[in-house]
Amino acid sequence: MDKPVHKLFLLDAMALIYRAHFAFIKTPRITSKGLNTSAVFGFANTLLEVLQKEKPTHIGVAFDTSAPTFRHIQFEAYKAQRQEQPEDITVAVPLVKRLLDAMCIPTLVMDGYEADDIIGTIAKEAGQAGFEVFMMTPDKDYGQLVEQHIHIYKPAFMGKGPEVLGVQQILDRWQIRRIDQVIDILGLMGDAVDNIPGIPGVGEKTAQKLIQEYDSIENLITHVDEIKGKLGEKIRENIDMAVMSKQLATIDTRVPVVFDAEDLTVCAGNADKIVALFDELEFKTLKQRVLGIGAPAPAAKVSIPGASGPAAQGQLDLFGNPTQEVGKQPAIVSEGIADDDAPEQAFEDLRLPTTRRTIDNTFHRYHTVDTPELMKSLAYYLSIQDAFCFDTETTSLDTIDAELVGLSFSYLPGEAFYVPVPANRDQALEILANFREVFENERIEKIGQNLKYDILVLRNYDIEVHGTLSDTMLAHYLLEPDKRHGMDILAGSYLNYEPVSITSLIGKKGVKQGTMRDVRIPEITQYAGEDADITLQLNTIFSRELPKVKASKLFREVEMPLLKVLAAMESTGVRLDIDALRDMSAVLENDLRQAESEIYEAAGQSFNISSPKQLGEVLFEKMKLIDKPKKTKTGQYATGEDILSDLENNHVIARRILDYRELQKLKSTYVDALPLLVSRRTGRIHTSYNQAVAATGRLSSTNPNLQNIPIRTPRGREIRKAFVPDNDDFQILSADYSQIELRIMAAFSGDTSMIEAFNQGRDIHATTASKVFQVALDEVTSDMRRKSKMVNFGIIYGISAFGLAQRLAIPRGEAAEIIRAYFEEFSSVKGYMDKVINDAREKEYVETILGRRRYLPDINSRNMTNRGYAERNAINAPIQGSAADMIKVAMINIHDFMKAEKLKSRMILQVHDELVFDAHRDEIPLLKSKVDELMRTAIPLPVKMETGIGIGANWLEAH
DNA sequence: GCGATTGA
DNA sequence: TCAATCGC
């Protein structure tokens, strides 16, 4: 007979409970009494599986306690920012303990030590004593404990079998030479879950490189001066952090427990207790299974070297020992089944599962649908759904020249279908014809991530997407406007899932990057299927989250309808007068050369004027225009507009440089760049609106950015002449809200003098000036008006006294005085601002008129800078955001109106408070009055709203 | 104040 | 990545 093997299994209870809880987060198991049993179920399942398959001879389950550990004492932030433990887990812990008790499995607890310390200590001792030790945990920190007879046992998970990690696997996992380097890696990269800081900016890859080169953190310190660049700087700054992080990541294997094999011997459970518990939890199949197994496997009947006493026998005793304890000190098992009156939560310190789910360890079925029969069948199944998720794979991120490579669909979590689409357009259309009906079906909801993109791509194949939309990117934008909304990030934070990266399919960004067309169908099926599957799952979560922040209505009635409006606007595009731009380009080129030679002459040398570095050197080192030149934060000379404006009277060169800058900007950013963006297919320019970047709720525009076409300077303004109507039957109609933000502020604050000024149609900036400077309205000078206007804007944009002083180029004291006078005159505004900030301190968010939230946790920060920033945002976000809400509603209503009336005119641009139309001459009177009305009445306010509407042969004339 | 773009 | 500049 083979030498008997003593198999000791040590389970990290909380890690396994968390993992089980989150594995069932989408489809939790709820009993008829409403108890969420996911965590207990998952834990029990794993436990039974191990007992059955691995037949351990010894077993122990370690828990953390609430007592502080050396890590807390050493590093106070340790685990401090951990999210509160989900209630379902708090409930699960005593149930798991009851289960262990019933099954006669010992629990290991010791005050002042975490589960990993206890497991580490016992593992080392048992390994010495000749056991094969398996530490059951998903936590990567345990890698440091692995040695010849000590392994990590990753439990089976979502269809993937269990995994045993030995020394070689750990070395491979981290790309290191020795096991003890695991803690060097962790010390450098940190661990967000455990709040181990590490070195900022150093992730897994960098940490591996550093350890490969320097072997250990200690040795790295002695060579720290050799490391160049930003990385070296970061390391030098934070080296203390790394040392401390390494200590924090080190598992203590000297816990004062005595490893007593007998204590951990597998014994038989109490069948009655198990049955009672499983009945209570309504675990029907588990009950069958556990009764089927009968008693767990008996321990090998051998004595264990180094262990005290012989291994226990009599494991068939149904009345096995109650929960056992280890240690020289009495270990505490304080948690009863109901310990509601415990002074603090017993399990505040528990860790989330640190293993990311990926396509390789997660159950899924992603199918390729590539025959006419399968497509017909898929289309049929889609047609009987109330909702499905879809995603397009294309050759380009630009919707105008994107060619469809394939479509993926998902309507059940874990399952998706990928339909490849050939490059040949006729064949592509033939395939798409199968799905036209479901896409255009009004009854079926369409789910996707950044649906505007997919809608525009399909539009190029003459397929319209109808029905309710649900965009996960925009849903998350409403949930967390300040965060990022990419699918990969969402999958990570909401599903603990890391999707297949695009770069693994087509390579890194750059010239060498391939296109989706080059990816083989099996791979792209996995990638695209995963996208649709994950998006569907995210949507389920978000549709539950949105009502919690009262954002469902905003989502369904504003953002989703607006998505369609924006898609239509982008698709329509704007006609550009390319010839006019070419002429301008030639003129600008000429003036640019002129300015250039004058600058060289004045400087006495030629250099690159566009290089702030070279310019600074010429101006301040060679020409010495100022004694004490200002520097930027990187140590360069500052040559910004404010600085050069101050120098204007000192030396002609300053004025010429400013001219040069303006010309250069106009030429490169607009005059030369715009024609290149005209689509070859439509002959028009199709900007792309981003609905989810500006945290206040505003839109942004890219490719090109049509929201920053010049208007301030006469030369810049000329560029607007190139934005022209479709043909001679059309004109450009521009409608903008007059002072929308100030009117909103007047309404929110209820300031009577401001409301009155607006309702009587007076000049608001002059009115402000007359009050702030205490003069009659007709005695307001242009300088007073200018300053008051700045204050008004300052409030809207949330700038500080410092910012105001800078913009007005006046001393800070004067700026503060103007602000003081302003608040004295407009005391309701001051009162409103105070109230907003106070509310924000309490709720840690502010909201717009439609309930769009912006979270401002820093409003209660002790850091002045951060708090000031949050306070300005608290004022600014509701005002700017409500203005954004208002124009969004107006756009939806105008779009609906134009559609209902079947107008030939089109809405083509939105610039924050302005809408631009390509208006058919016959429709202008109707359009004009209707646009005005719909803009003014989009959201009723107790202040009169006004618009300014102009019509012309181009955008400039329409102003 | 923010977001987008450009050029070094 | 940074500095500068355009719009709102």
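Quick note on labels: first sequence line is chain A, next is B, and so on, each numbered from 1.
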NZ or CZ of A/K830 within 45° of A/F823 ring axis and under 6.0 Å:
yes
In whole angstroms, the gap separating C1' of C/dA4 from CD1 of A/I609 amounts to 15 Å
Requested in this report: Answer yes or no: is there an ion pair linking A/R820 with A/E817, defined by an N-O contact shorter than 4.0 Å?
Outcome: yes
From the candidates C/dA4, C/dA3, C/dC6, the one with an atom nearest any side-chain atom of A/Q636 is C/dA3
When rounded to whole Å, the OH to P distance for the pair A/Y737 and C/dG7 reads 22 Å
Lys/Arg N to Asp/Glu carboxylate O, A/D591 vs A/R715, below 4.0 Å | yes
Sorted by chain and residue number, the side chain to side chain contact (heavy atoms under 4.5 Å, CB included) partners of A/E596 (sequence neighbours excluded) come out as A/R593, A/Y600, A/I609, A/Y660
Is it true that A/R785 and A/D763 have a side-chain N and a carboxylate O under 4.0 angstrom from each other? yes
query = Mind checking whether A/R867 and A/E871 have side chains closer than 4.5 Å, heavy atoms only?
reply = yes
note: A/R712, atom CZ; C/dT5, atom P; distance rounded to Å ~ 10 Å
A/I643 atom CD1 is separated from C/dA3 atom P, nearest whole Å, by 12 Å
Rounded to whole Å, the NZ-C1' distance (A/K613 to C/dT1) equals 15 Å
Any salt bridge between A/D577 and A/K721, counting N to O under 4.0 Å?
-> no
Taken to the nearest whole Å, OH/A/Y670 to C1'/C/dG7 is 7 Å
Practice item. Assign A/I709 to base, sugar-phosphate, or nothing according to its heavy-atom contacts below 4.0 angstrom with the strands shown. Key: sugar-phosphate
Over all strands shown, is A/L666 touching base, sugar-phosphate only, or nothing at heavy-atom distances under 4.0 angstrom?
nothing
Contact string for nucleotides 1-8 of chain B, one letter per nucleotide 5' to 3', B = base within protein heavy-atom range under 4.0 Å, S = sugar-phosphate only, - = neither, reads BSBSBSSS
- request: Look at the side-chain N and O atoms of A/R661 and state whether any lies under 4.0 Å from the OP1 or OP2 oxygen of C/dT5.
  value: yes
Rounded to whole Å, CG of A/D642 lies from P of C/dA3 at a distance of 13 Å
Between CD of A/Q739 and C1' of C/dC8 the distance, given in whole Å, is 12 Å
Which part of the nucleic acid, if any, lies within contact of A/E641, taking any heavy atom under 4.0 Å across all strands shown: a base, the sugar-phosphate backbone alone, or nothing?
sugar-phosphate
